[in-house]
K.L.:
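Let me give you the structure first, and then I'll get to my questions.
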Amino acid sequence: MVWRDLFSGWIGGRRATDQDSGFDPFARPDAAEASEPEGLVLALDEIEAAALEVYASNGLPDQPGHYRLAPNETEWRFLGADMTPEVRFALALEHPPEQGWRFARLQDLGARSDRADLREASRLLNDIAVFRQARWSILTQDHLLMAMELGGAWRALQDAKAIRTSQLSLSVPKKTRPRRDKPASEA
């Protein structure tokens, strides 16, 4: 279709609707399957993997879902990947927190830790979950700020990971005696 055909109805020529009566200019195209994941999805996956690596290195689970911690246990037990609020509420009623029971989603497990890296990993996992959900709705200024913070946190995790795996060791340099150059006449 040529541009002139689109505007031909205004100038007195053929109308664009006469040419192709089955064409709806306001119809949305069908969603095409992406052959490769989007860059944003890959970046979020990479940040999530780094945060889960922090969880795993500190003995916390790394499988998405819901967990419980019994009063006399030290390890979180997996309850399920998707639990409705009704089921979670029923569990909380059966096992009250006053008796020492704890329930949490994966992204919340490290939130109350004494370790700063676990708290940061928990925050990252929560932000990623919120950002993934928000991608299918209207993005706001807060989401842009969250994306920028995720990028900064990801960079900090990458830098910390590089330092941990580095083979370099820092040491105090050995003191050397200053050399005295011989005068040119002695040489």
Side-chain angles (χ1 to χ4, degrees), residues 28 30-167 170:
R28 290 186 163 224
D30 295 334
E33 288 294 320
S35 59
E36 295 181 17
E38 296 177 4
L40 178 62
V41 172
L42 292 173
L44 290 175
D45 288 345
E46 193 171 338
I47 296 168
E48 185 177 46
L52 290 174
E53 189 177 300
V54 171
Y55 265 36
S57 67
N58 286 288
L60 289 177
D62 58 1
Q63 181 181 358
H66 298 270
Y67 291 85
R68 79 168 185 205
L69 182 66
N72 297 323
E73 293 182 4
T74 57
E75 291 187 19
W76 290 89
R77 288 191 180 203
F78 182 73
L79 295 175
D82 294 318
M83 293 178 67
T84 64
E86 294 84 12
V87 172
R88 293 193 321 242
F89 187 70
L91 279 171
L93 288 177
E94 291 173 17
H95 307 289
E98 295 82 20
Q99 295 177 359
W101 289 89
R102 298 290 178 256
F103 295 92
R105 299 173 303 163
L106 173 70
Q107 56 263 39
D108 298 324
L109 295 179
R112 296 186 181 195
S113 173
D114 296 336
R115 296 182 51 103
D117 58 343
L118 282 175
R119 287 191 309 269
E120 182 65 19
S122 174
R123 187 185 68 79
L124 282 174
L125 291 173
N126 272 306
D127 286 351
I128 289 168
V130 168
F131 196 69
R132 281 189 172 147
Q133 188 175 17
R135 285 187 59 218
W136 305 112
S137 62
I138 297 173
L139 294 176
T140 64
Q141 210 172 11
D142 291 338
H143 294 118
L144 179 59
L145 180 62
M146 184 185 303
M148 291 167 48
E149 288 174 355
L150 281 171
W154 172 79
R155 176 60 59 200
L157 280 173
Q158 293 296 77
D159 291 347
K161 185 177 176 182
I163 290 171
R164 281 193 307 268
T165 60
S166 173
Q167 298 297 322
L170 300 177

K.L.:
Tell me the closest heavy-atom pair linking G110 and S122, and the distance in Å.
P.N.:
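Residues G110 and S122, closest heavy atoms: C-CB, 3.7 Å.
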K.L.:
Taking all non-hydrogen atoms of both residues, which atom of D62 and which atom of A56 are closest, and how far apart?
P.N.:
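For D62 versus A56, the nearest heavy atoms are OD2-CB, 4.1 Å.
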K.L.:
Can you give me the closest heavy-atom contact between R119 and S113, atom names plus distance?
P.N.:
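That closest heavy-atom pairing would be NH1-O, 2.9 Å.
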K.L.:
CD of E53 to CG of D117: how many Å apart, nearest 0.5 Å?
P.N.:
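Reported value, rounded in 0.5 Å steps: 11.5 Å.
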K.L.:
Counting only heavy atoms not in R135 (residues, nucleotides, ligands), do more than 12 fall under 6.0 Å from its CZ?
P.N.:
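Correct, the count exceeds 12.
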K.L.:
For R132, is the CZ atom crowded, meaning more than 12 foreign heavy atoms sit under 6.0 Å from it?
P.N.:
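More than 12 heavy atoms, drawn from other residues, nucleotides or ligands, come within 6.0 Å of this atom.
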K.L.:
Are more than 12 heavy atoms from other residues, nucleotides or ligands located less than 6.0 Å from atom CD of E94?
P.N.:
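Yes, enclosed.
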K.L.:
Students often mix this up, so state it plainly: with edges at 30° and 60°, are the rings of F78 and Y67 parallel, tilted or perpendicular?
P.N.:
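F78 and Y67: perpendicular rings.
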K.L.:
Using 0.5 Å steps for rounding, measure from the OH atom of Y55 to the CD atom of Q107.
P.N.:
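Interatomic distance, Y55 OH to Q107 CD, rounded to 0.5 Å: 7.5 Å.
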K.L.:
Closest approach of F131 and L44, non-hydrogen atoms and distance?
P.N.:
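That would be CD2-CD1, 3.9 Å.
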K.L.:
If we ignore hydrogens and angles and just use 3.5 Å, is the side chain of R123 paired with the main-chain N or O of A111 as donor and acceptor?
P.N.:
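Side chain of R123 to backbone of A111, a donor-acceptor pair under 3.5 Å: no, none is there.
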K.L.:
Could you check if a side-chain atom of L139 sits within less than 4.5 angstrom of a side-chain atom of L144, using non-hydrogen atoms only?
P.N.:
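Counting from C-beta outward, L139 and L144 never come under 4.5 Å.
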K.L.:
Nearest 0.5 Å please: distance from the CG atom of L79 over to the CZ atom of R105.
P.N.:
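L79 CG to R105 CZ: 14.0 Å, rounded to 0.5 Å.
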K.L.:
Between CG of L118 and CZ of R112, what distance do you get to the nearest 0.5 Å?
P.N.:
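Nearest 0.5 Å value for the CG-CZ distance: 14.5 Å.
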K.L.:
Report yes if some heavy atom in the side chain of L52 is under 4.5 Å from a heavy atom in the side chain of L125; otherwise report no.
P.N.:
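Touching, per the 4.5 Å side-chain cut-off.
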K.L.:
Nearest heavy-atom pair of P61 and L106: which atoms, and what distance?
P.N.:
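Heavy atoms only, the tightest pair is O-CD1, 3.3 Å.
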K.L.:
So, for F103 and H95, which heavy atoms are closest and what is the spacing to 0.1 Å?
P.N.:
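Shortest heavy-atom contact: CE1-O, 3.5 Å.
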K.L.:
Could you tell me whether the side chain of I47 reaches within less than 4.5 Å of the side chain of D127, counting heavy atoms only?
P.N.:
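No, side chains not in contact.
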K.L.:
Side-chain contact test, heavy atoms from C-beta onward, threshold under 4.5 Å: evaluate it for V87 versus H66 and give yes or no.
P.N.:
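No. Closest side-chain heavy atoms not under 4.5 Å.
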K.L.:
Any chance you could measure L60, atom CG, to L109, atom CG, to the nearest 0.5 Å?
P.N.:
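Between atom CG of L60 and atom CG of L109 there are 6.0 Å.
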K.L.:
Apply side-chain contact (heavy atoms from CB on, under 4.5 Å) to residues R68 and W101 and explain how you reach the verdict.
P.N.:
CA-CA 7 Å; R68 79 168 185 205; W101 289 89; 3.7 Å; yes
K.L.:
Starting at CD of Q133, measure out to NE2 of H143 and round the result to the nearest 0.5 Å.
P.N.:
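Between atom CD of Q133 and atom NE2 of H143 there are 8.5 Å.
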